[in-house]
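Any value given below was found using the heavy atoms of this structure, including those in side chains, with hydrogens, waters and symmetry copies removed.
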Amino acid sequence: MPESGVQDLLVVGGGVNGCGIARDAAGRGLSVTLAEQGDLAGATSSASTKLIHGGLRYLEYREFRLVREALAEREVLLRAAPHIVWPLRFVLPHHAGLRPWPLLRLGLFLYDHLGGRRLLPPTRALDLRRDPAGAPLRPEFRRGFEYSDCWVEDARLVVLNARDAADRGATVLTRTRCLSARREAGLWRATLRDEASGTTREVAARVLVNAAGAWVSRVAAEVAGVQAPARVRLVKGSHIVTRRLFGHDRCYTFQNADGRVCFAIPYEEDFTLIGTTDEDVSGDPAAPAISPAETTYLCQAVSAYFRQPVNVSDVVWSYAGIRPLYDDGASDAQAATRDYVLALDEQNRGEAPLLSIFGGKITTYRRLAEAALARLAPFFPGMGMPWTASTALPGGDFPWNGAADLAAALRGAYPFLSPPQARRLVRRYGTRAAAMLGDARSEADLGVQFGAGLSAREVDWQMREEWARAPADILWRRSKLGLRIDAAGQAALADWMARARPVVARAAGRAAE
């Protein structure tokens with residue numbers, strides 16, 4: 001069991017919070033090792049509603065600080081990652097039996113002004129009898145509002161944070177479980193196991209960061225031997241995907257009679273994403289699945305608004321994730337805070353600290369990382385200053401509204417790409433799409449085609465640069481091409497990756513040494 005050099009941080013958990021902290025710390029000059037037991041974004045961080053938003057309904061719970069911070073982050077992330085974050089307009093029909101019209105108007109006024117909006121357009125009132133957004137809706141919905149938030153490729157956000165962390169010197173270990181961690185002589189000494197090979201390694205670190213998401217309490221107690229300093233509330237959020245339900249590119253925000261809201265979002269050009277639910281769960285969070293009752297709930301929630309009802313038979317895919325919320329004692333899951341809590345454990349003065357992350361939401365992950373580094377600053381007096389607010393993520397170094405121009409430029413350099421292909425590649429890789437395509441001069445140069453434009457060259461890039469190891473990593477996290485590639489294409493991809501995996505694993509092992 002070889003021991004690596006002493007690290008400043010050992011981060012356990014490769015979701016958005018763990019990767020965000022690793023990136024921020026590496027950019028401040030700290031040495032970082034990140035260990036993720038599965039794939040990056042393999043749990044909660046790839047099962048979100050894919051929104052960068054302030055959380056309009058959180059205003060009702062007086063979460064003003066959280067909403068203000070999240071609203072400000074929309075434009076920070078839009079500038080930092082315009083390839084995977086882009087503006088989206090939300091249509092909120094007025095339901096006469098629910099929240100009054102003046103209350104909606106007041107809430108949206110606050111929403112427009114709390115976060116220092118600069119790039120996104122403001123709220124406007126809609127006459128749904130005349131606006132195209134009213135065409136798919138039942139005739140009783142005559143007026144509404146349209147407001148701004150943003151969309152995000154959530155799993156790619158995680159991968160790009162990990163990529164940037166690695167580019168700045170961090171060691172990123174996927175499929176690597178932290179078996180144990182103990183305090184010894186002012187350090188944490190952790191045993192990590194490669195889940196593919198079974199080999200173990202020892203890592204010594206000055207600080208242990210527990211960003212294990214739904215497993216945060218378990219890692220604190222069973223791995224680090226520390227009583228969890230806070231309680232985590234596990235809340236399942238489920239989503240369904242149907243064929244495209246409407247022709248325009250705006251999203252709907254529907255109020256439900258139970259006080260929740262439900263989104264219907266244009267998804268992957270040919271589909272509609274509907275979600276989410278809030279359901280308390282217990283037990284092992286490893287494999288959450290949508291229940292028949294949740295599927296029915298989501299179908300009924302949107303069918304109350306659409307002229308054409310959505311039936312269970314219309315669902316082409318579904319997914320569920322476990323949100324590890326800080327347990328603030330709220331009576332029901334939908335009212336539980338989405339804010340984050342950072343719990344620092346030093347036990348006796350001079351012992352190696354443990355920082356555990358509870359709660360949070362994808363929109364505020366970067367601010368959470370800054371707050372985490374601020375808590376750790378006393379242990380690293382030479383640490384650099386905050387920097388992520390003005391620095392692009394990999395591939396995001398182009399104007400926030402420049403994706404169409406970048407796609408046109410990519411087609412100019414690679415004329416064999418169709419407009420949809422170029423658009424997809426820019427939306428995945430931004431300015432790094434050309435690096436991925438390399439010296440290709442024809443589609444044949446990209447190698448085996450697995451369907452929906454996915455080529456062997458792109459798969460090789462994701463395995464080499466983005467830690468993809470299994471077909472699901474590519475089909476359902478780094479892309480959603482699983483919606484389009486048939487069984488034969490998926491089998492061919494699995495076979496190709498199995499043959500390529502040993503080569504990639506050897507290269508990754510050399511890089512981690």
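Residues Ala422 and Arg411 share a closest heavy-atom pair of CB-CG, 3.4 Å. The two atoms that bring Ala41 and Arg477 nearest to each other are O-CD, 3.4 Å, heavy atoms only. The minimum heavy-atom distance linking Trp151 with Thr49 is given by the pair CZ3-O, 3.8 Å. Between Cys178 and Ala190, the shortest heavy-atom distance links the atoms SG-CB, 4.2 Å. When every heavy atom of Ala205 is checked against every heavy atom of Leu9, the shortest pair comes out as CB-C, 4.1 Å. The shortest non-hydrogen separation linking Leu88 to Asp249 is CD1-O, 3.5 Å.
Under the 4.0 Å criterion applied to side-chain N and carboxylate O atoms, Glu153 and Arg427 are not assigned as salt-bridge partners. The existence of a salt bridge linking Glu75 and Arg118 is excluded, since no basic side-chain nitrogen approaches an acidic carboxylate oxygen closer than 4.0 Å. Between Arg243 and Asp314 no salt bridge is recorded (no basic side-chain N to carboxylate O distance below 4.0 Å). Classification of Arg457 and Glu465 as a salt-bridged pair fails, no side-chain N sitting under 4.0 Å from a carboxylate O. Between Glu466 and Arg156 a salt bridge is recorded (basic side-chain N to carboxylate O distance below 4.0 Å). We find that Arg28 and Asp8 are not joined by a salt bridge, their nearest charged nitrogen and carboxylate oxygen being 4.0 Å or further apart. One finds a salt bridge joining Arg424 and Glu458 here, because a Lys/Arg side-chain nitrogen approaches an Asp/Glu carboxylate oxygen to under 4.0 Å. Checked for salt-bridge contact, Lys50 and Asp154 meet the test: a charged N lies under 4.0 Å from a carboxylate O. Checked for salt-bridge contact, Arg469 and Asp473 miss the test: no charged N lies under 4.0 Å from a carboxylate O. The existence of a salt bridge linking Asp339 and Arg65 is confirmed by a sub-4.0 Å separation between a basic side-chain nitrogen and an acidic carboxylate oxygen.
Inspection of the Arg201 and Thr33 side chains reveals no N or O donor paired with an N or O acceptor under 3.5 Å. Side chains of Gln449 and Ser455: no donor on one and acceptor on the other come within 3.5 Å. For Tyr340 and Asn17, the side-chain atoms include no donor-acceptor pair closer than 3.5 Å. With hydrogens and angles left out, the side-chain atoms of Asp24 and Trp387 include a donor and acceptor closer than 3.5 Å. Inspection of the Tyr111 and Asp149 side chains reveals an N or O donor paired with an N or O acceptor under 3.5 Å.
A side chain to side chain donor-acceptor pair (under 3.5 Å) with Arg23 is found for one member of Asp164, Asp167, Thr391, Thr388 and no other, namely Asp164. The side-chain contact (heavy atoms from CB on, under 4.5 Å) test with Val207 singles out one residue from Leu376, Leu354, Leu187, Val11, and that residue is Leu376.
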Assess whether salt bridge (Lys or Arg N to Asp or Glu O under 4.0 Å) is satisfied between Arg367 and Glu69, documenting all intermediate values.
CA-CA 8 Å; Arg367 292 291 295 271; Glu69 183 175 278; 3.4 Å; yes
Walk me through whether Ser45 and Tyr365 qualify under side-chain hydrogen bond (donor to acceptor under 3.5 Å, both in side chains).
CA-CA 11 Å; Ser45 294; Tyr365 87 92; over 6 Å; no
Test side chain to side chain contact (heavy atoms under 4.5 Å, CB included) applied to Phe450 and Val448, step by step:
CA-CA 6 Å; Phe450 303 104; Val448 178; 3.7 Å; yes
Run the salt bridge (Lys or Arg N to Asp or Glu O under 4.0 Å) check on Glu268 and Arg484 step by step: do they pass?
CA-CA 10 Å; Glu268 296 293 314; Arg484 301 179 184 278; 5.0 Å; no
Could you check Leu66 against Lys361 for side chain to side chain contact (heavy atoms under 4.5 Å, CB included), going step by step and ending with a plain yes or no?
CA-CA 10 Å; Leu66 174 63; Lys361 57 201 296 279; 4.0 Å; yes
What do the steps show when you test Tyr252 against Ile274 for side chain to side chain contact (heavy atoms under 4.5 Å, CB included), and what is the final call?
CA-CA 10 Å; Tyr252 289 102; Ile274 298 170; over 6 Å; no
Test Asp445 against Phe416 for side chain to side chain contact (heavy atoms under 4.5 Å, CB included), laying out the working first.
CA-CA 11 Å; Asp445 292 337; Phe416 60 87; over 6 Å; no
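Judged by distance alone, the side chain of Trp400 and the main-chain N or O of Leu77 form no donor-acceptor pair under 3.5 Å. Although no hydrogens or angles enter the test, the distance criterion places a donor-acceptor pair under 3.5 Å between the side chain of Thr44 and the main chain of Ile322. Ser479 contributes a side-chain N or O that, together with a main-chain N or O of Ile474, makes up a donor-acceptor pair within less than 3.5 Å. In this structure, the side chain of Arg244 engages the main chain of Gly247 through a donor-acceptor pair within 3.5 Å. Proximity of a side-chain donor or acceptor of Asn161 to a complementary backbone N or O of Leu157 within less than 3.5 Å is detected. Under a 3.5 Å cut-off, the side chain of Thr176 and the backbone N or O of Thr174 do form a donor-acceptor pair. Here the side chain of Tyr429 pairs no donor or acceptor atom with the backbone of Pro394 at under 3.5 angstrom. At distances below 3.5 Å, not a single donor-acceptor pair connects side-chain atoms of Ser148 with backbone N or O atoms of Leu120.
In this structure, Asp112 CG and Thr123 OG1 are separated by 3.5 Å, a value rounded to the nearest 0.5 Å. To the nearest 0.5 Å, atom NZ of residue Lys236 and atom CD1 of residue Ile290 are 7.5 Å apart.
Aromatic ring pairs are classed by plane angle as parallel below 30°, tilted from 30° to 60° and perpendicular above 60°; the pair His239 and Tyr319 is parallel. In this pair, Tyr58 and His53 present their aromatic rings tilted. The plane angle is within the 30 to 60° band. Note on ring orientation: taking the six-membered ring where Trp is involved, the planes of Tyr326 and Phe358 are perpendicular (angle over 60°, cut-offs 30° and 60°).
Side-chain contact check for Leu425 versus Leu437: some heavy-atom pair is nearer than 4.5 Å.
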